[in-house]
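Just below is one structure, and these are the notes that go with it.
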Amino acid sequence: MADITHWADVIADEVLAKGTKHLVATGITPSGHIHIGNMREVVTADVAYRALIDKGAEAEFIYIADTYDPLRKVYPFLDEASYAQHVGKPLSEIPCPCGEHKSYSEHFLEPFLGALEHLGIHPKVYRADELYKEGVYAEAIKQALVKKDEIAAILQKLSGKTPAETWSPFNPICSECGKINTTIVKGFDLDAETVDYDCSCGNSGTVSMNGGGKLTWRVDWPARWKALGVTVEPYGKDHASRGGSYDTGVAIVKDIFGSEAPHPIVYEWIMLGKQGAMSSSTGVVVSISDMLKVVPPEVLRYLIIRTKPEKHIRFDPALPLLTLVDEFERLHSSDNATSYDKRMIELSHAAGLCHTDIPFKHMTTIYQVAAGDFDRILNIVKRAGYDTSNEKCIRELAENVGNWLEMYAPDNAKFSVQEELPVMAATITDFQRAFLISFSDLLDKSGELTGEDYHNLVYSSKEPGSELNTMIANAMEVAPESLQVDPKELFKAIYISVLGQASGPKAGWFLSSLEKDFLARRFREAAAYRP
RNA sequence: GGGCUCGUAGCUCAGUCAGGCAGAGCGUCUGGCUUUUAACCAGACGGCCUAGGGUUCAAAUCCCUACGAGCCCGCCA
């Protein structure tokens, strides 16, 4: 099988065949909590952008927040009484639900931009309301108003729907009621750059083309392509049907604005676990912030990058997440990764993205040993010999792991170090006692031990003549030759003493994560326990 | 009703654009390592490539049809 080219590089090649200068754009409406499908859009765009850069293209990456869109309805998470009056107004002109932000749109935009930062995605951010107010769309608005009938014909022909008599590609914002979907255009003045309107609230007036209103979506999109020079843009499959907004956009940008449509990248939705497609109506929703709570950012990137955009992605935050993380880490440290694997890893990393070499699984042990206390986590990580120069990354990983344990981990992944000797110590056998007391003495005598040291030490009990073997024999008052040691029993004794359960995480990692003095004390205590 | 996308091992998916011996990881099983486990090493099992037809010396791949899954088609992204 020939080397496989990653889809991002395939796209880059296709796009490069059209020219070397590119603008990758992505746009999302901050009308509510920005969800996981939107995350796929920006990661997809970011990867396409990076593939272009890697191939030497002169590329830029922008994100446009559609802050000038009207509020469609009072969403369930909004207060009916106070938001009913704002339906129809541009999002940027509506008060923030929590009162902390400048506007409604900023309320949802801000956490999303934070998530982008988190994922190492750094587009130039534009807000649609600012673009309109700055006059970026003025030329397109004029052309759209002049060629209104042509646009209507295109919409009619491609989407099969007849625009209303009073339809206009430009929707003025009423100066009286502030709404954008209740006005009817009565006329316009190209020189003054103004539009006259009547509003259903009874008001009429004149607005500026620069911020006084906005183009309707199906015209706004192609206008944006033209005004900003967009050449590559991913969008959800909801826009991809025949007669959908991409189709009409292609025709409008060509016939009305005299420009080209961007190279399309259609992407599928992300499905959640076994519950099917994510949808707000069925209640199957994972917000980006929930997702980022448990998945390290580069793993989330990997999840999206490994799958071609047009295939759906199944995301299951329970045990399959652990498999995904493992797969990523294995690939990451693999010596014989294919060029395709390497490319995926490369694209999963990103400028400014946190990366530590601490495996997620190991952190689940460390985190639980430390009971989530970050100073203790850091100490253990240091002792285990990991690089601790990037404390911020370690903190992020620890938070992911902590959230995962709390929200999604299966029971067999969980344990807690008992403050007091567990009552289960009553089940400890004489042989296990002999081991625990001997082990405890050895710990007192030795210096700091690594995970491997602990591991080897426990197994040394099997070797005749080893210090531990001799000590156990003495404690049992038998001849060393007749001592039968099954390491399984020893591990069990350790888990019982510390966790109060018969099994636990890999002993080496586990023991080296705990204080040696604590272990010595606890083992001695367990050995002495006689109910 | 119209449209878009997908269907390949028990699971998650590569491979389809450019036709040339059916692939990977995970899981399962076997063996190994003084190695407990959610570890590591070696190997095995595992497929009518959703079904049917067509083109071809040759089809998972191209064409047509059917079936299944998800979604879009209310100008509200």
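Reminder, nothing fancy here: chain letters follow the sequence lines and each chain counts from 1.
For A:F415, the ring-ring contact (aromatic ring centres under 6.0 Å, His included) partners two or more places apart in sequence, or in a different chain, are A:F510. Judged as a side-chain hydrogen bond (donor to acceptor under 3.5 Å, both in side chains), and not counting sequence neighbours, A:Q143 has no contacts. Residues passing the side-chain hydrogen bond (donor to acceptor under 3.5 Å, both in side chains) test with A:H263, sequence neighbours excluded: A:E14, A:K18. Residues passing the side-chain hydrogen bond (donor to acceptor under 3.5 Å, both in side chains) test with A:K89 are A:H86, sequence neighbours excluded. Here A:S92 pairs with nothing under the side-chain hydrogen bond (donor to acceptor under 3.5 Å, both in side chains) rule; sequence neighbours left out. With sequence neighbours excluded, the residues satisfying ring-ring contact (aromatic ring centres under 6.0 Å, His included) with A:Y132 are A:Y68, A:Y137. With sequence neighbours excluded, the residues that form a ring-ring contact (aromatic ring centres under 6.0 Å, His included) with A:F328 are A:Y302, A:H332.
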Distances under 3.5 Å between protein N/O atoms and the N/O atoms of nucleotides 1-5 of chain B, please, pair by pair.
unit_1 : atom_1 : unit_2 : atom_2 : d
B:rG3  : O2'    : A:R242 : N      : 3.1
B:rU5  : O2'    : A:E310 : O      : 2.9

What does the list of N/O pairs under 3.5 Å between the protein and nucleotides 34-36 of chain B look like, with a distance for each?
unit_1 : atom_1 : unit_2 : atom_2 : d
B:rU34 : O2     : A:Y459 : O      : 3.4
B:rU35 : O4'    : A:Y459 : OH     : 2.6
B:rU35 : N1     : A:H455 : NE2    : 3.2
B:rU35 : O2     : A:H455 : NE2    : 2.7
B:rU35 : N3     : A:H455 : NE2    : 2.4
B:rU36 : O2     : A:Y495 : OH     : 2.6
B:rU36 : N3     : A:A507 : N      : 3.3
B:rU36 : O4     : A:A507 : N      : 3.4

* Given salt bridge (Lys or Arg N to Asp or Glu O under 4.0 Å), test A:R301 with A:E298 step by step and report yes or no. => CA-CA 5 Å; A:R301 287 181 66 102; A:E298 52 192 352; over 6 Å; no
* Determine, stepwise, if the pair A:D341 / A:R306 fulfils salt bridge (Lys or Arg N to Asp or Glu O under 4.0 Å). => CA-CA 9 Å; A:D341 293 337; A:R306 72 207 269 262; over 6 Å; no
* **ring-ring contact (aromatic ring centres under 6.0 Å, His included) between A:Y246 and A:W217, worked out** => CA-CA 11 Å; A:Y246 183 77; A:W217 161 246; over 10 Å; no
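Distances from the side chain of A:H312 to the nucleotides B:rA77, B:rA38, B:rC13 place B:rC13 closest. Of the candidates B:rA38, B:rA77, B:rG25, the closest approach to any side-chain atom of A:R72 belongs to B:rA77. Proximity note for A:K308 (side chain, C-beta onward) versus B:rA14, B:rC26, B:rA38: the nearest is B:rA14. Comparing B:rC26, B:rC76, B:rA38 against the side chain of A:T323 picks out B:rC26 as the nearest. Checked against B:rC72, B:rG25, B:rA38, the side chain of A:D238 finds its nearest nucleotide in B:rC72. If you check B:rA77, B:rA38, B:rU12 against the side chain of A:H239, the one that comes closest is B:rA77. Relative to the side chain of A:D66, the nucleotides B:rC26, B:rG15, B:rA77 differ in distance, and B:rA77 lies closest.
Checked against the 6.0 Å centroid criterion, the rings of A:W221 and A:Y235 qualify as a close aromatic pair. Aromatic pair A:F112/A:F108: ring centres not closer than 6.0 Å.
Between A:W7 atom CH2 and B:rU16 atom P the separation is 16 Å, expressed in whole Å. Atom P of nucleotide B:rC6 and atom CD1 of A:I313 are separated by 14 Å, given to the nearest angstrom. Atom CZ of A:R218 and atom P of B:rA77 are 7 Å apart (whole Å). Taking atom CD of A:E327 as the reference point, atom C1' of B:rC13 lies 9 Å away to the nearest angstrom. Atom CG of A:N181 and atom C1' of B:rC76 are 9 Å apart (whole Å). Atom CG of A:L324 and atom C1' of B:rC13 are 12 Å apart (whole Å). In this structure, CG of A:D13 is placed 14 Å from C1' of B:rA18, rounded to the nearest angstrom. Whole-Å rounding puts the A:Y367 OH to B:rA38 P distance at 22 Å.
Of the C1' atoms belonging to B:rG46 and B:rG52, the separation is 26 Å, rounded to the nearest Å. Rounded to whole Å, the C1' atom of B:rG7 lies 36 Å from the corresponding atom of B:rC40. For the C1' atoms, the distance from B:rA14 to B:rA60 is 12 Å, rounded to whole Å. A distance of about 15 Å separates the P atoms of B:rC64 and B:rU55, rounded to the whole Å. Across B:rA22 and B:rA58, the matching C1' atoms stand 15 Å from one another, rounded to whole Å. Across the P atoms, B:rA24 and B:rA9 are found 14 Å apart, a figure rounded to whole Å. B:rU12 and B:rC21: their P atoms are spaced 27 Å apart (whole Å). To the nearest whole angstrom, the two P atoms, one in B:rA44 and one in B:rC26, are 15 Å apart.
No engagement by A:S31 is indicated, since no non-hydrogen atom pair under 4.0 Å with the nucleic acid exists. Within the 4.0 angstrom heavy-atom criterion, no nucleotide atom of any strand lies near A:P70.
For A:W269 and B:rC71, the shortest distance from a side-chain N or O to OP1 or OP2 is not below 4.0 Å.
Annotation: of the two residues near RNA chain B, A:L322 and A:R306, the 5′-most nearest-nucleotide partner is A:R306.
For A:S245 against B:rA77, no side-chain N or O and base N or O form a donor-acceptor pair under 3.5 Å.
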